[in-house]
**Q** 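I am attaching a structure below and will ask some questions about it afterwards.
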Amino acid sequence: MTDAFSFHLLARDGEARRGEISTPRGAIRTPAFMPVGTGGTVKAMYLDQVRALGSDIILGNTYHLMLRPGAERVARLGGLHEFARWPYPILTDSGGFQVMSLSALRKITEKGVTFRSHVDGQVFDMSPERSIEIQGLLDSDIQMQLDECVALPADEKEIARAMELSLRWAERCKTAFGDQPGKAMFGIVQGGDDLKLRERSASALAAMDLKGYAVGGLAVGEPQGVMLEVLAATCPALPSDKPRYLMGVGTPDDILRSVERGVDMFDCVMPTRAGRHGLAFTRRGKINLKNARHAEDPRPLDEESDCPATRDYSRAYLHHLVKSGEALGGMLLTWNNLAYYQGLMADIRAAIEAGRFAERAGEIREEWMRGDVPAL
């Protein structure tokens with residue numbers, strides 16, 4: 001444990017980085033996957049399960065928690081760590097993406113964003129200063145700047161306008177954040193699919209000397225190749241001694257390929273959302289438990305797994321739960337999926353330390369390609 005926020009690189013293998021973020025609430029081993037706890041809960045999971053699977057940090061959402069139950073209420077109840085009974089690090093996003101994607105009515109000005117809640121239609125103002133204030137009330141350990149995320153494809157002038165606005169908002173967020181010992185504020189690189197705008201954003205944020213940097217505005221429907229091209233141009237423009245966070249990504253293959261390009265942190269709703277919809281991630285690839293081939297299959301998803309949900313329940317039972325709409329089906333498959341994701345991250349970290357990341361990534365992909373066991 002430490003009183004300061006810091007990042008240490010422990011090993012490199014090509015561009016892949018093995019590191020550790022130190023915070024007063026615990027260490028974060030990188031590359032790290034952060035389960036998404038949007039409203040103060042990782043859906044369908046107990047947080048002690050999440051921790052036991054190897055999660056060092058979870059993500060909370062400023063927009064959703066601001067609407068329900070309210071940031072001031074969470075603060076009165078001891079902050080998000082106490083409220084949710086998660087004493088370890090928490091990262092909160094700024095709420096900007098949800099304002100853009102969920103709000104039925106929004107207006108963006110230099111001052112900030114005015115939007116109408118998707119819950120009850122109430123009108124809210126979200127400025128860079130208010131976003132940081134809310135994240136402070138939640139008492140998160142890593143806070144994100146407010147930014148404007150433009151959906152792709154978009155006009156170059158619109159992408160440039162949003163990127164420049166996000167840079168000005170980053171300066172305001174930095175001022176509002178001030179000096180908070182043991183905590184960090186990360187800037188967010190924007191610029192759509194324009195590599196020059198991405199490099200301009202990354203360089204300007206790096207000059208602000210923040211404690212970490214994120215790449216935003218990706219994994220929003222663009223081809224994987226575009227995302228990887230942006231990362232290849234952006235990561236070298238960011239300080240090598242600060243953590244790099246790719247927001248909203250992604251599939252296991254996205255994670256492997258992004259680590260290859262120097263990314264340290266990830267979050268995505270995919271493993272939890274997929275679990276609630278009958279889809280399992282395994283070392284053999286994705287398995288759809290809705291498929292009738294599993295209806296009388298007594299085998300588990302993976303007999304070699306350490307996760308009880310993966311090892312101890314038959315495919316036939318999981319298929320029954322999913323087809324019947326039983327809540328336990330989503331719980332077990334989410335458990336399996338987060339176990340797989342955290343196991344993948346541990347595998348990646350060990351491979352980087354051993355200097356064989358590229359070789360191990362190839363082995364993992366080969367196993368995915370071989371596919372699931374044959375049907376009975």
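As the structure is a prediction and not an experimental result, all values here were calculated from the model.
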**Q** Taking the side chain as every heavy atom from C-beta outward, state whether M345 and I255 have any atom pair closer than 4.5 Å.
**A**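 M345 reaches I255 side chain to side chain.
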**Q** V215 and T234: which non-hydrogen atoms are nearest, and at how many Å?
**A**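 Between these two residues, the closest heavy atoms are CG2-CG2, 4.0 Å.
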**Q** Sub-3.5 Å donor-acceptor pair from the side chain of T310 to the main-chain atoms of D306, do we have one?
**A**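 It does not hold such a pair.
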**Q** More than 12 heavy atoms of other residues, nucleotides or ligands under 6.0 Å from CD of E359: is that the case?
**A**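 Enclosed: over 12 neighbouring heavy atoms sit under 6.0 Å from CD of E359.
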**Q** Can you tell me if CZ on R73 sees more than 12 non-hydrogen neighbours from other groups inside 6.0 Å?
**A**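 Open: at most 12 neighbouring heavy atoms sit under 6.0 Å from CZ of R73.
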**Q** Tell me, do F83 and L65 make a side-chain contact under 4.5 Å, heavy atoms counted?
**A**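 No. Closest side-chain heavy atoms not under 4.5 Å.
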**Q** Does R284 come within less than 4.0 Å of E304, counting only side-chain N to carboxylate O?
**A**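 No, R284 and E304 are not salt-bridged.
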**Q** Does any N or O in the side chain of R172 come within less than 3.5 Å of the main-chain N or O of K111, such that one atom is a donor and the other an acceptor?
**A**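 Yes; judged by distance alone, with no hydrogens or angles, the pair exists.
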**Q** Determine, stepwise, if the pair K43 / T38 fulfils side chain to side chain contact (heavy atoms under 4.5 Å, CB included).
**A** CA-CA 8 Å; K43 287 182 171 62; T38 301; 4.3 Å; yes
**Q** So E260 and R365, salt bridge (charged side-chain N to carboxylate O under 4.0 Å, His left out) or not? Walk me through it.
**A** CA-CA 14 Å; E260 286 172 349; R365 292 189 185 105; 3.1 Å; yes
**Q** Keeping the roles fixed (side chain from H81, backbone from Y88), state whether a donor-acceptor pair exists under 3.5 Å.
**A**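 Pair found, side chain donor or acceptor close to backbone of Y88.
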**Q** Got a sec: does the CZ of R168 have more than 12 other heavy atoms crowding it under 6.0 Å?
**A**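 Correct, the count exceeds 12.
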**Q** How about Y63 and H118: are their ring centroids closer than 6.0 Å?
**A**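 Yes, the ring centres sit under 6.0 Å apart.
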**Q** Would a 4.5 Å heavy-atom cut-off, applied to side chains only, mark L77 and P69 as touching?
**A**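 In short, these two side chains do not touch, never coming nearer than 4.5 Å.
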**Q** Salt bridge check, K183 against D139: does any charged N sit closer than 4.0 Å to a carboxylate O?
**A**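 Judged by the 4.0 Å cut-off on N to carboxylate O distance, D139 and K183 do form a salt bridge.
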**Q** For residues I57 and P35, report the shortest heavy-atom separation together with the two atoms involved.
**A**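 The pair with the smallest heavy-atom distance is O-CD, 3.4 Å.
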**Q** Any side-chain heavy atom of R130 sitting closer than 4.5 Å to one from D125?
**A**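 Sidechains of D125 and R130: no contact.
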**Q** I'd like to know whether E199 forms a salt bridge (charged side-chain N to carboxylate O under 4.0 Å, His left out) with K196, so could you lay out the CA-CA distance, the side-chain angles of the two residues, the decisive distance to 0.1 Å, and finally the verdict.
**A** CA-CA 5 Å; E199 291 169 1; K196 290 185 178 179; over 6 Å; no
**Q** Determine, stepwise, if the pair R18 / D13 fulfils salt bridge (charged side-chain N to carboxylate O under 4.0 Å, His left out).
**A** CA-CA 8 Å; R18 165 75 172 99; D13 187 3; over 6 Å; no
**Q** Around atom OH of Y313, are there more than 12 heavy atoms from other residues, nucleotides or ligands closer than 6.0 Å?
**A**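 Not more than 12 within 6.0 Å, no.
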**Q** Over all heavy atoms of both residues, which pair between C173 and P128 is shortest? Give the atoms and the distance, please.
**A**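 For C173 and P128, the tightest heavy-atom pair comes out as SG-CB, 3.6 Å.
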**Q** Would you find a donor on one side and an acceptor on the other, under 3.5 Å apart, between the side chain of E303 and the backbone of P300?
**A**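 Here the side-chain-to-backbone pair does not exist.
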**Q** If only atom types and distance count, is the side chain of R283 paired as donor or acceptor with the main-chain N or O of W368 below 3.5 Å?
**A**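 Pair absent, no side-chain N/O of R283 close to backbone of W368.
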**Q** Which atom names give the shortest non-hydrogen contact between I134 and A71, and what distance separates them?
**A**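 Looking at all heavy atoms of both residues, the shortest contact is CG2-CB, 3.6 Å.
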**Q** Nearest 0.5 angstrom please: L152 CG to I159 CD1, how far?
**A**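 Atom-to-atom, L152:CG and I159:CD1 are 5.5 Å apart.
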**Q** I'd like to know if R360 and D347 make a salt bridge, using a cut-off of under 4.0 Å between side-chain N and carboxylate O.
**A**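 Result for this pair is yes, salt bridge flagged.
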**Q** Can you name the nearest heavy-atom pair linking A219 to V249, along with the distance?
**A**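 Heavy atoms only, the tightest pair is CB-CG2, 3.5 Å.
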**Q** Taking the side chain from Q49 and the backbone from Y46, do they hold a donor-acceptor pair closer than 3.5 Å?
**A**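 Checking the backbone N and O of Y46 against the side chain of Q49, a donor-acceptor pair under 3.5 Å is found.
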**Q** Taking atom CD as the centre, does E158 end up with more than 12 heavy-atom neighbours from other residues, nucleotides or ligands that are less than 6.0 angstrom away?
**A**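 Yes, CD of E158 has more than 12 neighbouring heavy atoms, counting only those of other groups under 6.0 Å.
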**Q** Please answer whether the main-chain N or O of G19 pairs with a side-chain N or O of T30 as donor and acceptor at a distance below 3.5 Å.
**A**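 Yes; at least one donor-acceptor contact below 3.5 Å.
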**Q** What heavy-atom pair brings E15 and R12 nearest, and what distance separates the two atoms?
**A**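 Residues E15 and R12, closest heavy atoms: OE1-NH2, 3.7 Å.
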**Q** Indicate yes or no: does E171 engage K174 in a salt bridge with an N to O separation below 4.0 Å.
**A**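 Salt bridge flag = no for K174 with E171.
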**Q** Exactly one of R299, K286, R293 should register a salt bridge (charged side-chain N to carboxylate O under 4.0 Å, His left out) with D372. Which one does?
**A**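 So the option named by the test is R293.
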**Q** Can any side-chain N or O of K242 pair as donor or acceptor with the backbone N or O of L210 at less than 3.5 Å?
**A**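 The answer is yes, because a donor-acceptor pair under 3.5 Å joins these two groups.
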**Q** Are any non-hydrogen side-chain atoms of W86 and R51 less than 4.5 angstrom apart?
**A**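 Side-chain contact under 4.5 Å: yes.
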**Q** Check the angle between the aromatic planes of F5 and F186 and answer parallel, tilted or perpendicular using the 30° and 60° thresholds.
**A**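 Ring orientation, 0 to 90° scale: perpendicular.
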**Q** Under a 4.5 Å cut-off applied to non-hydrogen side-chain atoms, are I287 and R315 in contact?
**A**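 Sidechains of R315 and I287: in contact.
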**Q** For this output row, return yes or no: ring centroids of F115 and F124 closer than 6.0 angstrom.
**A**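 F115 vs F124: aromatic centres under 6.0 Å.
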**Q** Are the side chain of Q135 and the backbone of S140 linked by a donor-acceptor contact shorter than 3.5 Å?
**A**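 Not confirmed, Q135 side chain does not pair with S140 backbone.
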**Q** If only atom types and distance count, is the side chain of D267 paired as donor or acceptor with the main-chain N or O of M247 below 3.5 Å?
**A**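 Checked: no pair found.
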